[in-house]
Chemist: 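Dropping a structure here in structure tokens format, bear with me for questions.
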Amino acid sequence: MKFFYIFMCLVCAGQSRTGISSSKLSGYPRTACPPSESTPQPPLRVDASDLLARFRQEMARNTARAEKFDAYLLPGSDAHQSPTLAERDKRIKFLTGFSGSKAMAIVTQDKAAIWVDPYDAMQADEEISCVWTIYTDSKNDISIPQWVQMNLRARSRIGVDATLISQSQWEILSRRMTLVPVRNNLVDLVWAGRPQYPDYDIAISPYERRGDTWTSKIARVRETLRNESCDMIIVTALDEISWVLNIRGRESEYFPVVRAYLVITDKVIYLYTNASRFSYNVNGTLKIDSCYNANCVRLVPYENVWGDLRTMSAQIWKKVWFPGEAPFIPGGSRAIHDVIQSDKIIKVSPIAMMKAAKSVNERQGMDEAHLKDAVAFCDFMAYFENKMKAGDEWDEFTVAATLDEFRRQQASSEGISFKTIVAFGAHSASPHHDTNNITSIKINSSSILLIDSGGQYLDGTTDLTRTFHLGKPTDEQINVYTRVLMGLIDLASASFPETMTLQEADVLARRPLWDAGLNYDHATGHGIGVHLSVEEGPLMISQEDHPKHRFKESYYVTDGPGYYEEGQYGIRIENVLEVISNYKNESGERMLQFRSATLVPFEPKLIDRKLLSPKQITWLNDYNTRIREEVGAELKRQTKMKGFHWMMEKAQVIPDARCSASYAHSHILTLVSTIAIYFILSSEN
Ligand SMILES: *[C@@H]1O[C@H](CO)[C@@H](O)[C@H](O)[C@H]1NC(C)=O
Ligand SMILES: *[C@@H]1O[C@H](CO)[C@@H](O)[C@H](O)[C@H]1NC(C)=O
Ligand SMILES: *[C@@H]1O[C@H](CO)[C@@H](O)[C@H](O)[C@H]1NC(C)=O
Ligand SMILES: *[C@@H]1O[C@H](CO)[C@@H](O)[C@H](O)[C@H]1NC(C)=O
Ligand SMILES: *[C@@H]1O[C@H](CO)[C@@H](O)[C@H](O)[C@H]1NC(C)=O
Ligand SMILES: *[C@@H]1O[C@H](CO)[C@@H](O)[C@H](O)[C@H]1NC(C)=O
């Protein structure tokens with residue numbers, strides 16, 4: 001998946017050294033604003049003026065009766081700073097109409113402004129009515145503190161629901177403006193018919209049975225607490241709670257977690273959540289029903305977390321571990337931070353670090369998940385290409401919906417891991433393209449088709465991007481695709497010491513593009529969960545300046561370089577890589593390398609093999625051999641012969657074109673070995 005940084009980068013916005021021009025103040029240029037009789041409003045835009053008027057009444061009422069403030073800040077997250085939101089928590093969407101990934105809004109009695117990711121600006125313009133000014137969260141645009149400075153009197157107070165803002169964001173903003181916690185959420189007050197949280201039964205993850213027991217994980221957390229001389233840790237991130245207790249839920253479509261807070265001390269475990277979802281089996285595994293010692297879970301109603309934290313931190317705990325932030329990990333909320341009375345250490349949760357290093361069982365599960373995912377994808381592509389050849393008309397939305405269905409048919413499928421991106425032609429030039437049934441366009445053989453998608457399985461999570469062309473690609477497209485592939489290979493085939501940081505690895509994937517004066521404007525990779533979040537912190541491979549993390553054996557990261565030609569086409573390919581141990585060099589230093597978990601072929605017609613080095617060709621041939629053997633066997637086992645043929649066609653051995661003397665020879669060898677493998681696999685039962 002293309003890197004959606006969870007956080008609005010509040011401090012980097014507005015850092016350009018050029019002054020603030022009036023065009024910047026007026027925000028992103030809007031279409032059909034102000035509304036007029038002659039030009040119709042875009043179809044997705046809802047008139048939000050009435051709603052905003054009622055919201056402003058609540059602001060005035062609150063200011064008169066409770067906390068006083070001059071503007072209300074609305075962060076686009078939930079109380080757990082989750083990567084995707086339940087419908088009940090989509091407050092920005094309710095108030096503004098904007099359905100994109102991340103945003104933050106601010107409202108005064110006469111102004112309303114919203115900040116969105118630069119890639120989402122077009123979508124925001126489509127969806128948000130003219131009463132809002134849109135700004136992008138980039139260095140070149142004005143930031144929230146700058147906007148406050150320019151639009152409000154000095155020392156104005158900005159109200160915010162402190163449960164919805166992380167402690168680190170609060171701190172960053174507070175350096176430049178005065179934030180005031182507001183107890184009532186004002187959006188909720190005007191939200192008639194606000195949806196409930198989804199209903200689901202909590203399940204025990206198969207990893208409990210496979211040997212990664214929740215009690216062993218809790219024991220490791222407790223050891224870390226003792227090492228840091230902490231009495232308690234409050235866990236607020238939902239994927240961390242689900243991982244450590246081996247439970248899974250369905251808080252949103254792609255996020256299989258349970259809404260809860262978790263308190264772990266040496267003597268007790270309190271789980272603050274909704275008890276109605278606990279089955280007999282879950283109660284048994286977590287030993288909920290008769291909990292009198294340290295190794296069982298005490299269920300407490302979700303709302304009680306506030307009172308309990310306040311009293312126990314005042315009376316019992318001397319030092320509390322409060323979860324700090326890291327890439328993809330926003331950390332605990334300001335409200336949780338404030339309710340804890342005792343000393344706090346603020347540091348990335350130890351559970352996040354434990355979860356990043358996958359267990360032997362999890363590594364096996366990730367292999368199983370990726371194998372099934374490869375089968376689903378190859379089988380889908382065979383089906384889709386055949387239909388297109390037969391003259392069927394498919395649009396982006398149909399491709400996404402059908403591919404999702406192929407994934408769901410695999411064993412232990414739990415659906416998809418994020419909203420499938422299918423982008424044709426100019427749409428592929430936007431790394432964030434939102435595939436929906438309104439903007440969906442027909443696919444034909446005249447341009448690039450980019451598919452970025454992933455699956456959730458009980459055994460693991462996948463994230464895969466492939467780029468195709470159903471007709472004849474241009475030389476430029478071939479050149480660019482090949483360079484993107486070279487970047488993917490250069491990272492995937494690297495051997496490196498344990499001292500290399502993730503940030504240093506980023507350049508490996510970019511260099512072949514840099515050689516041609518090209519680049520891409522997003523991170524190269526991110527961590528990935530095991531039947532959890534598709535973008536899992538704290539691992540991030542990017543140029544950005546962020547806390548240094550080093551690679552460790554058993555980490556999983558994505559490798560996804562790309563290139564985007566605005567208005568024309570975009571190319572991205574992405575594999576999930578497992579970090580494995582290589583060898584110790586002569587002085588005894590351990591080296592690491594990667595092994596690809598993703599096993600889906602690349603598009604041969606977009607590869608200019610003359611550009612590839614012998615090392616890159618060797619990697620690609622070894623990769624294709626693994627695909628033919630491993631995915632081939634599984635496609636056959638599932639009797640998906642159309643998918644099998646598609647895969648064999650795309651995963652052929654590439655001869656090294658530059659060794660012209662041996663070219664014919666190697667070509668014949670390739671042919672012979674391809675036919676041989678084909679027959680071996682076809683004749684197996
Ligand atoms: C706790 O500290 C000990 C001694 O420094 C160390 O060996 C152990 O790995 C630490 N445990 C954890 C979970 O960090
Ligand atoms: C608790 O579960 C009930 C029944 O499923 C549901 O109606 C309610 O909204 C849930 N509450 C929370 C806070 O999740
Ligand atoms: C599981 O335990 C909780 C808390 O004791 C209880 O409310 C719930 O009814 C139990 N579930 C079952 C199926 O026994
Ligand atoms: C478009 O998609 C949305 C959500 O996926 C769905 O609710 C709606 O019914 C669809 N509309 C059409 C015309 O298919
Ligand atoms: C292919 O699709 C593009 C984008 O929708 C369109 O501009 C172009 O005319 C189509 N070409 C053919 C041959 O249909
Ligand atoms: C082994 O690796 C370390 C770390 O990269 C390096 O400093 C050292 O020179 C290497 N030793 C040999 C013999 O290559």
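Just so it is clear, the model here is predicted, and its values are computed rather than measured. Atoms within each ligand, like the ligands themselves, are counted from 1 in listed order.
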Chemist: With the threshold set at 4.0 Å, does a side-chain nitrogen-carboxylate oxygen contact exist between Lys318 and Asp343?
Modeler: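 Asp343 and Lys318: not salt-bridged.
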Chemist: Sub-3.5 Å donor-acceptor pair from the side chain of Ser229 to the main-chain atoms of Leu225, do we have one?
Modeler: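 Side chain of Ser229 to backbone of Leu225, a donor-acceptor pair under 3.5 Å: no, none is there.
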Chemist: Which ligand 3 atoms, with their elements, are less than 4.0 angstrom from a heavy-atom of Phe278?
Modeler: 11 (N), 12 (C), 13 (C)
Chemist: Pairs of nitrogen or oxygen atoms closer than 3.5 Å, one from Ala275 and one from ligand 3: do any exist?
Modeler: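 Among all N and O atoms of Ala275, none is under 3.5 Å from an N or O of ligand 3.
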Chemist: Between Lys605 (side chain only) and Gly471 (backbone N and O only), is there a donor and an acceptor less than 3.5 Å apart?
Modeler: yes
Chemist: So which heavy atom in the protein is nearest atom 11 (N) of ligand 1, and how far is it from that ligand atom?
Modeler: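 Residue, atom and distance for the closest contact: Glu223 OE2, 2.7 Å.
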Chemist: How close does the nearest protein non-hydrogen atom get to atom 4 (C) of ligand 5, and which residue and atom is it?
Modeler: Phe424 CE2, 4.0 Å
Chemist: Does Arg220 reach ligand 1 with a nitrogen or oxygen that is under 3.5 Å from one of the ligand's nitrogen or oxygen atoms?
Modeler: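 No; the residue has no nitrogen or oxygen that sits under 3.5 Å from a nitrogen or oxygen of the ligand.
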Chemist: Taking only heavy atoms of Tyr280 into account, list the atoms of ligand 3 that are under 4.0 Å away from them.
Modeler: 13 (C)
Chemist: Identify the closest protein heavy atom to atom 8 (C) of ligand 3: which residue and atom is it, and at what distance?
Modeler: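 Heavy-atom neighbour on the protein nearest atom 8 (C) of ligand 3: Asn283 ND2, 3.7 Å.
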Chemist: Under 4.0 Å and counting heavy atoms only, is there anything from the protein next to atom 14 (O) of ligand 3?
Modeler: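 Yes, at least one protein heavy atom sits under 4.0 Å from atom 14 (O) of ligand 3.
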Chemist: Between Asn227 and ligand 1, is there a nitrogen or oxygen pair with a distance under 3.5 Å?
Modeler: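 Right, the criterion is met.
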Chemist: Do me a favour and list the nearest non-hydrogen protein atom to atom 10 (C) of ligand 5 with residue, atom name and distance?
Modeler: Asn444 ND2, 2.4 Å
Chemist: Quick one: look at Ser279 and ligand 3, take heavy-atom pairs under 4.0 Å, and tell me if it's side chain, backbone, both or neither.
Modeler: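 Contact part for Ser279 vs ligand 3: backbone (N, CA, C, O).
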Chemist: Taking the six-membered ring for Trp, are Tyr270 and Tyr272 parallel (under 30°), tilted (30 to 60°) or perpendicular (over 60°)?
Modeler: tilted
Chemist: For His549 and Tyr555, I'd like to know if the aromatic rings sit close, meaning centre-to-centre distance below 6.0 Å.
Modeler: no
Chemist: Considering all protein heavy atoms, does one lie under 4.0 Å from atom 2 (O) of ligand 1?
Modeler: yes
Chemist: Parallel, tilted or perpendicular for Tyr119 and His432, by the 30°/60° rule?
Modeler: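 It falls in the tilted class, 30° to 60°.
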Chemist: Would you give the length of the straight line joining atom CZ of Arg248 to atom OH of Tyr200, rounded to the nearest 0.5 angstrom?
Modeler: 12.0 Å
Chemist: Check ligand 3 against Asp289 and write out every atom of the ligand that is under 4.0 Å from a heavy-atom position of the residue.
Modeler: 1 (C), 2 (O), 5 (O)
Chemist: Once the angle between the rings of Trp646 and Phe377 is folded into 0 to 90°, is it parallel (under 30°), tilted (30 to 60°) or perpendicular (over 60°)?
Modeler: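 Ring orientation of Trp646 relative to Phe377: perpendicular.
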Chemist: Parallel, tilted or perpendicular: which one describes the rings of Tyr569 and Tyr563, with boundaries at 30° and 60°?
Modeler: tilted
Chemist: Which residue holds the protein heavy atom closest to atom 5 (O) of ligand 5, what is that atom called, and what is the gap in Å?
Modeler: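 The closest heavy atom on the protein side is Ile441 CD1, 4.1 Å.
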Chemist: What orientation do Phe594 and Phe496 show, parallel under 30°, tilted 30 to 60°, or perpendicular over 60°?
Modeler: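 Rings of Phe594 and Phe496: tilted, as their planes differ by 30° to 60°.
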Chemist: Closer than 4.0 angstrom: is that true for some heavy atom of Ser446 and an atom of ligand 5?
Modeler: yes
